[in-house]
Number of protein chains: 2
Amino acid sequence: MEKDLKIFEEICHKHGLKVTPQRMAIYKELINSKEHPSAVMIHERIRKYYPNVSLDTVNRTLITFSEIGLVQIIEGRGDPKRFDPNLRPHHHFRCLRCGEIIDFYNEEYDSLEVPEDLKEKFIITGKRVNLEGICDKCKNLN
Amino acid sequence: MEKDLKIFEEICHKHGLKVTPQRMAIYKELINSKEHPSAVMIHERIRKYYPNVSLDTVNRTLITFSEIGLVQIIEGRGDPKRFDPNLRPHHHFRCLRCGEIIDFYNEEYDSLEVPEDLKEKFIITGKRVNLEGICDKCKNLN
DNA sequence: TACTTATATAGTAGTAACTCCTACTTGTCA
DNA sequence: TGACAAGTAGGAGTTACTACTATATAAGTA
């Protein structure tokens, strides 16, 4: 945890960002959350410690973090943005019924090659396999 | 085109949906659009022919269409929902700068196997590879 | 072809999730 | 330590739905 915060400070400095208490708090909440929180979720948790952090700050900060690679914005379907602090390469399964997004790991997927023609035409910075369907909990509901 | 509309009517009947002029118009706009329109885009185009179709109807209709498999909702990032009338198996590249979503085809990606453990635990209904980065237009801008 | 009824629709109001703006505050570097 | 660029709070504004209700209509039935 201490080490994480050291790394966080380094990354901020590297990108010319100031290390503020708000950013620290948001980052801590991110690495402590096992799911994929939205800005509102982070905001609610932080308010317990810093009662007057605004939602706007949380939103801006999360987007800033995504720009410097500290988190990723998950591909959703027009719902609120969800942020993913898991930086290990991984893939997503999304439940169409409850909306939950579940991380999974798969080496075959990780090692997928980007087609040559796309590599030449675009700059590719991210690659992920998305599966969708019904999760185990929802499957057993009816 | 005539044929498409016949098929459309059949699918509606099969799912117990009424064939209304609004639905017809929305479907026609969908199959005529090469990009991935949002509800607002469809609404604007339709208003030229049916000036008093409400946006709510367009939204509901598009979601209904996605439920019966006529279109797919694209995984986005909290922006407006985008609909994909392309039913051939394909994958997406998303430009992080301009937000455009570009279809591409790749047989290796199509034939990816779903890992056994996931297959057992969940019901998998969809599979897609998402790439992201900077598109050719944005790359040449600065 | 007229009737019936479950669906679908338009229009209005309401809500969620940002996003912008302005005045104030605070890290950072010289 | 002081100047200034960068960051923040709070409120107002915007976008994209989403819910509600009265009216209209597709499609089966007599």
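Chain letters run A, B, ... following the sequence lines, proteins first and then strands; every chain starts at 1.
- Whole-Å rounding puts the R82(B) CZ to dA16(D) P distance at 11 Å.
- If you run salt bridge (charged side-chain N to carboxylate O under 4.0 Å, His left out) between E75(A) and each of R128(B), R94(B), R82(B), only R94(B) comes through.
- Mapped onto DNA chain C by nearest heavy atom, L17(B) and P51(B) fall at different nucleotides, with L17(B) at the one closer to the 5' end.
- Side chain of K18(B), nearest nucleotide from dT18(D), dT8(D), dA27(D): dA27(D).
- Of the side-chain N and O atoms in S54(A), one or more sit less than 4.0 angstrom from OP1 or OP2 of dA9(D).
- Using a 4.0 Å cut-off between a side-chain N of Lys or Arg and a carboxylate O of Asp or Glu, D117(A) and K121(A) do not qualify as a salt bridge.
- Judged by distance alone, the side chains of H43(A) and N59(A) never bring a donor and an acceptor atom under 3.5 Å apart.
- With rounding to whole Å, I42(B) atom CD1 is found 14 Å from dA16(D) atom P.
- Atom-to-atom, CG of N52(A) to P of dG11(D) comes out at 11 Å; the value is rounded to the nearest Å.
- Between the CD atom of E9(B) and the C1' atom of dA26(D) there is a distance of 12 Å, rounded to whole Å.
- Toward the 5′ end of DNA chain D lies the nearest nucleotide of T61(A), the other residue of the pair T61(A) and P21(B) mapping further downstream.
- Atom CG of N59(A) and atom C1' of dT14(D) are 14 Å apart (whole Å).
- Look at Q22(A) and you'll find a side-chain N or O under 4.0 angstrom from OP1 or OP2 of dA9(D).
- Heavy atoms of D79(A) sit nowhere under 4.0 angstrom from any nucleic acid atom.
- For the pair L55(A) CG and dT8(D) P, the computed distance is 14 Å after rounding to whole Å.
- For H92(B) and D103(B), the side-chain atoms include at least one donor-acceptor pair closer than 3.5 Å.
- Of the charged side-chain nitrogens involved, none lies within less than 4.0 Å of a carboxylate oxygen, so that E9(A) and K6(A) do not count as a salt-bridged pair.
- You can see that DNA chain C meets the heavy atoms of chain A within a 4.0 Å-exclusive cut from dA17(C) to dT28(C), reading 5' to 3'.
- Between the side chains of T61(A) and T64(A), no donor N or O sits under 3.5 Å from an acceptor N or O.
- Note on H43(A): nothing from the nucleic acid sits closer than 4.0 angstrom, heavy atoms only.
- Taking only side-chain nitrogens and oxygens, R23(A) comes nearer than 4.0 Å to OP1 or OP2 of dG7(D).
- Distance CZ (R77(A)) to C1' (dA16(D)): 17 Å, rounded to an integer number of Å.
- A sub-4.0 Å separation between OP1 or OP2 of dA26(D) and a side-chain N or O of H13(B) is absent.
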Review point. How far apart are the C-alpha atoms of N32(A) and Y27(A), what are their side-chain angles, what is the distance that settles it, and do they pass the side chain to side chain donor-acceptor pair (under 3.5 Å) test?
Key: CA-CA 9 Å; N32(A) 284 334; Y27(A) 182 69; over 6 Å; no
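- Nucleic acid contact class of T20(B) (heavy atoms, under 4.0 Å, all strands): sugar-phosphate only.
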